[in-house]
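The first residue in the sequence is number 1, and the count goes up from there.
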Amino acid sequence: MPSEVRIGIVGAGYWGPNLIRNFLALEGVVVAGIADRRPGRLQFVREKFGAVPTVAEGELLLHDPSIDAIALATPVSTHAELAIDAIRHGKHVFIEKPMARSVAECDAILKAALSHDRRVAVGHIFVHHPAVVAMREHLAEGRIGRPCYYESARVNLGPPESEVSVLWDLLVHDLSILLDLTGGKARTVAAFGRNFIHPRLVDAAFVNVTLEDGTMSQHHVSWLSPEKVRRFFVAGTKGSLNFDDALPSDKLRFVDQGVDSRLTNKAEDAKELYYRPGEVRQLEYRALEPLAEECADFIAAVRGGTRPRSDGEMGRAVVAVLEAAERSLAGGSATVAVGL
């Protein structure tokens with residue numbers, strides 16, 4: 001693979017322009033073409049980014065032998081077909097989350113990538129967030145002791161149009177964080193949710209996940225809140241980590257385990273009984289744009305033949321949990337095994 005990487009981007013809707021901007025900013029990367037069937041979106045791309053080649057049909061980029069890699073920012077229903085087509089034409093593939101509609105589709109993509117020796121990355125952007133990277137380092141160094149449980153809340157008003165439920169729209173982010181931080185696999189899922197406002201898609205849910213090591217997590221996702229919440233919390237035996245991405249700064253905090261005099265003093269002897277949290281510290285991390293890191297990681301994998309940080313296996317693991325959550329909802333919120 002030459003040092004210069006030529007990439008085509010299929011999809012110039014809500015997220016596509018962010019990919020265009022970041023790939024254009026990478027040294028040694030040429031955005032060889034942008035594809036979208038909507039003339040208005042292509043006009044927007046030309047006005048915003050200048051002389052970038054644009055085409056209506058993505059297949060023109062997928063089949064172009066001069067292009068090394070493809071980034072897909074298209075509806076999830078198209079991911080498997082487009083990704084496999086690109087791989088069979090010799091392209092490495094970056095796929096926006098979620099990777100595909102099912103584990104079966106993920107497996108088909110991975111099989112094609114293996115047989116053609118191509119790299120697959122999935123756009124789980126929070127895996128590349130510097131605060132999540134810092135959390136991962138703190139956990140690896142044992143700074144909060146043994147992790148006990150994980151919880152998250154990710155709520156906001158829903159998108160005007162969606163072909164997937166709130167699980168596939170929002171929970172996908174927190175599952176990628178969970179699996180990245182733990183390095184493990186989900187074992188069981190129990191999901192509770194329903195469609196309150198949306199005519200057919202689940203728009204609010206609570207999802208419980210148990211990992212292979214017995215660790216548990218709980219996740220709340222909703223399209224019904226006018227307040228945007230982005231919180232991921234890890235409780236440990238020696239303290240906790242709290243990542244609040246809705247804050248403008250100081251997003252990551254460490255809270256010491258705390259003090260409880262009721263555990264060390266006999267009530268009849270103690271003059272004062274109390275409990276309070278321990279020291280709260282703001283944790284420093286590098287001020288980097290997660291999407292820039294994600295795009296650079298994919299290009300490095302293309303150049304070096306290495307494994308992307310958020311690769312196809314992670315994409316598949318996340319989809320497996322989402323599928324299990326859907327089965328749980330369909331079964332009256334029964335606990336179901338994750339089909340890995």
With a cut-off of 6.0 Å (strictly less than), are more than 12 heavy atoms of other residues, nucleotides or ligands near CZ of R6?
-> yes
Salt-bridge present (E137, R143; N to O < 4.0 Å) = no
Does anything in residues 324-337 pair up under salt bridge (charged side-chain N to carboxylate O under 4.0 Å, His left out), and if so which pairs, sequence neighbours excluded?
-> none
Nearest atoms (heavy-atom pairs only) where G8 meets L61 | CA-CD1, 4.2 Å
Hydrophobic side-chain clustering at under 4.5 Å (ILVMFWY, transitive links): who's grouped with V229? Put none if nobody.
-> V155
Of V122, L175, V120, D180, the one forming a side chain to side chain contact (heavy atoms under 4.5 Å, CB included) with M314 is D180
With a cutoff of under 4.5 Å between side-chain heavy atoms, which Ile, Leu, Val, Met, Phe, Trp and Tyr residues group with V280?
-> V255
Ring pair (Phe, Tyr, Trp, His ring centres under 6.0 Å) partners of residues 199-220, not counting sequence neighbours, each pair once = F206-H220
Take atom CD in E81; do more than 12 heavy atoms of anything else shown fall under 6.0 Å from it?
-> no
Which residue pairs satisfy the ring pair (Phe, Tyr, Trp, His ring centres under 6.0 Å) criterion with at least one member in residues 10-31, sequence neighbours excluded?
-> none
Sort and list the pairs that fulfil ring pair (Phe, Tyr, Trp, His ring centres under 6.0 Å) and have at least one residue in residues 36-69, not counting sequence neighbours.
-> H63-H89
For L211, side-chain contact (heavy atoms from CB on, under 4.5 Å) partners two or more places apart | L178, L179, T182, A186, V209, D213, T215
Identify the heavy atoms of A205 and L167 that sit nearest to each other, and give their distance.
-> CB-CD2, 3.8 Å
Partner set under side-chain contact (heavy atoms from CB on, under 4.5 Å) for A292, not counting sequence neighbours | N22, E289
Correct closest heavy-atom pair for G58 and A35 would be CA-CB, 3.6 Å
What ring pair (Phe, Tyr, Trp, His ring centres under 6.0 Å) pairs are there with at least one residue in residues 294-323, not counting sequence neighbours?
-> F94-F298
Is the count of non-hydrogen atoms from other residues, nucleotides or ligands lying under 6.0 Å from R46 atom CZ greater than 12?
-> yes
Transitive ILVMFWY cluster of I197, excluding itself - 4.5 Å side-chain cut-off | F196, L224
For M216, what are the other residues in its hydrophobic cluster, where any two members join if their side-chain heavy atoms are less than 4.5 angstrom apart?
-> Y149, F233
Atom of H92, atom of R118 and distance for their closest heavy-atom approach | NE2-NH1, 3.2 Å
For E27, enumerate each residue passing the side-chain contact (heavy atoms from CB on, under 4.5 Å) test, keeping only those at least two apart in sequence or located in another chain.
-> none
Give a yes or no on whether R307 atom CZ has more than 12 heavy-atom contacts from other residues, nucleotides or ligands under 6.0 Å away.
-> no
Do other residues, nucleotides or ligands put more than 12 heavy atoms under 6.0 Å from the CD atom of E227?
-> no
Salt bridge flag under 4.0 Å for residues D174 and R154 = yes
Nearest heavy-atom neighbours spanning S162 and L201 | O-CD1, 3.5 Å
Tightest non-hydrogen contact, residues C106 and G315, listed as SG-O, 4.5 Å
Determine whether H124 and V172 make a side-chain contact, defined as any pair of heavy atoms from C-beta on separated by less than 4.5 Å.
-> yes
